[in-house]
Structure formats: C-alpha cells, structure tokens
Amino acid sequence: MKITVIAVGKIKEKYLKDALAEYSKRLSRYCRLEILEAADEKTPDNASETVERQIRQKEGERIRKLMKADAYTIALAIDGNMLSSEKFSEKIETLGVQGISHIQFLIGGSIGLDETLLKEADYRLSFSKMTFPHQLMRVILLEQIYRGYRIMAGEPYHK
C-alpha cells in the first residue's frame with residue numbers, strides 16, 4: 001500500500017520534524033510513505049470569510065496539483081467521521097482488500113481545506129471536535145496510521 005500525506009505548509013519545528021522522521025521510519029515496514037507539502041498563504045488577522053475562502057481556494061489549487069487521480073482520498077476535516085483506532089485500522093485494511101493500492105490524506109492549512117476538496121474526497125475523517133495545529137496533525141495522523149498497521153498485524157503496540 002502507498003500512503004501519501006499532502007499537507008499545507010512547511011514544518012519548521014525540530015521536535016515535529018523528529019517525530020515525523022520517527023513515524024516515517026516505523027511505517028517503512030508496512031507501506032510506502034510519501035509526504036508532500038503545498039505552500040501556505042499568509043492569513044491576515046481578522047480576515048473576512050471571503051478572504052479566508054480565497055486563501056483556502058489558493059491552497060486547494062496547490063494541493064490538487066500534488067494529488068493523484070487514481071488514489072483514494074481521505075480529507076481531514078473537523079466535520080468528518082470520527083473512528084476509534086481499531087475502526088481506522090479496519091478502514092485501511094478494507095480499502096486494501098477492495099483493491100485500493102494508494103491512499104492520499106489531505107491536511108489543510110490553519111483555516112482548513114477548500115470546500116471543493118472536501119466535497120470531492122472519498123472520505124472525510126475527523127480526529128476530534130477540537131482544533132489542532134495543522135503541523136501537529138501530520139504527526140498525529142502518522143502515529144494513527146502506524147498504530148493501524150500494528151493492529152492489523154496483531155502486534156503489541158496498541159493498548
């Protein structure tokens with residue numbers, strides 16, 4: 001299985017880079033992982049909804065250029081489906097059984113994903129009703145993918 005994470009913005013913090021490197025290394029036993037970054041737009045303080053929508057559209061266009069048409073697309077969205085780690089693992093495993101060989105996860109910038117990307121996604125996934133920094137979501141996502149593969153393999157990580 002190939003897993004691609006397409007995210008808005010660059011990771012600058014060393015502790016996040018270290019965590020991503022660690023989970024990337026761990027995941028290399030289970031899948032081919034690719035992390036792609038789309039440039040982010042600066043969001044002015046107190047931006048209007050119109051300005052925010054324009055920013056999401058620009059970032060969305062950059063994400064779209066990195067997407068593969070034949071991949072199963074999972075968009076991270078606060079209004080998406082919330083799954084337990086076991087159900088998330090089951091979702092990845094079921095997609096593989098159904099013949100899906102490439103899953104791409106989309107992570108928006110600080111103000112979220114463009115509405116057209118959300119509508120076109122094959123699945124919307126939420127990790128919580130809470131809001132997390134989009135840079136940290138990469139680490140959380142990779143950890144859950146890793147946990148999912150450990151669950152599938154019946155290996156002792158998941159508690």
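Hydrogens, waters and symmetry mates are skipped; everything else that's a heavy atom, side chains included, is used. Keep in mind the model is a prediction, meaning the values are calculated, not measured.
The minimum heavy-atom distance between Ser126 and Gly80, with the atom names listed, is CB-O, 3.5 Å. Taking every heavy atom of both residues into account, Asp114 and Gly60 meet most closely at CB-CA, 4.1 Å. Listed here is the closest heavy atom pair of Arg138 and Ala7: NE-CB, 3.3 Å. Here the closest non-hydrogen pair linking Ser89 and Met152 is OG-CG, 3.4 Å. Closest non-hydrogen pair, Ala47 versus Thr43, comes out as CB-CG2, 4.2 Å. Residues Ala121 and Ala75 share a closest heavy-atom pair of CB-CB, 3.8 Å.
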Checklist entry - What's the verdict on salt bridge (Lys or Arg N to Asp or Glu O under 4.0 Å) for Glu115 and Arg124, showing C-alpha distance, side-chain angles and the deciding distance? => result CA-CA 12 Å; Glu115 191 60 37; Arg124 287 190 197 189; 3.7 Å; yes
Item to check | salt bridge (Lys or Arg N to Asp or Glu O under 4.0 Å) between Lys2 and Glu34, worked out | outcome: CA-CA 8 Å; Lys2 180 175 182 179; Glu34 175 182 45; 3.4 Å; yes
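Linking ILVMFWY residues whenever their side-chain heavy atoms come closer than 4.5 Å, directly or via other members, places Ile145 and Met1 in the same cluster. One hydrophobic cluster, built from ILVMFWY side chains closer than 4.5 Å, cannot hold both Met82 and Leu113; they sit in different ones. Hydrophobic clustering (ILVMFWY, side-chain heavy atoms < 4.5 Å, transitive): Phe127 and Ile103 are in one cluster. Linking ILVMFWY residues whenever their side-chain heavy atoms come closer than 4.5 Å, directly or via other members, leaves Ile111 and Ile78 in distinct clusters. Note on Leu106 and Leu20: separate hydrophobic clusters, where clusters join Ile, Leu, Val, Met, Phe, Trp and Tyr whose side-chain heavy atoms are under 4.5 Å apart, directly or indirectly.
For the atom pair Glu90 CD and Leu83 CG, the distance stands at 9.5 Å (nearest 0.5 Å). Expressed to the nearest 0.5 Å, how far CD1 of Ile92 lies from CD1 of Ile100 amounts to 12.5 Å. The CZ atom of Phe105 sits 10.0 Å away from atom OG1 of Thr4, with the distance rounded to the nearest 0.5 Å. Note that the NZ atom of Lys10 and the NZ atom of Lys17 stand 9.0 Å from one another [nearest 0.5 Å]. Rounding to the nearest 0.5 Å places CG of Leu125 at 11.0 Å from CG of Asp79. With values rounded to the nearest 0.5 angstrom, Gln135 atom CD is found 11.5 Å from Met137 atom CE.
Side chains of Ser85 and Gln144 form a contact here, defined as non-hydrogen atoms less than 4.5 Å apart. Proximity of Gln104 to Leu66: side-chain heavy atoms (C-beta onward) are nowhere separated by under 4.5 Å. Contact of the Val8 side chain with the Ile107 side chain is not registered, since no non-hydrogen atoms from C-beta on lie closer than 4.5 Å. Taking 4.5 Å as the limit, every side-chain heavy atom of Ser24 sits out of range of all side-chain heavy atoms of Val5. For the pair Glu22 and Arg26, the minimum side-chain heavy-atom distance is below 4.5 Å. Using a 4.5 Å cut-off on side-chain heavy atoms (C-beta onward), Ile3 and Tyr149 make contact. Contact check for Tyr72 versus Gln98: no side-chain heavy atoms found under the 4.5 Å cut-off.
Heavy-atom neighbours of Lys58 NZ from other residues, nucleotides or ligands within 6.0 Å: at or below the threshold of 12.
Under the 4.0 Å criterion applied to side-chain N and carboxylate O atoms, Arg150 and Glu143 are not assigned as salt-bridge partners. The pair Arg64-Glu120 counts as a salt bridge, with a side-chain nitrogen and a carboxylate oxygen less than 4.0 angstrom apart. A salt bridge does not link Glu59 to Arg62: none of the charged side-chain nitrogens sits closer than 4.0 Å to a carboxylate oxygen.
Between Tyr146 and Tyr30, the ring planes are perpendicular. Angles over 60° get that label, and only those under 30° would be called parallel.
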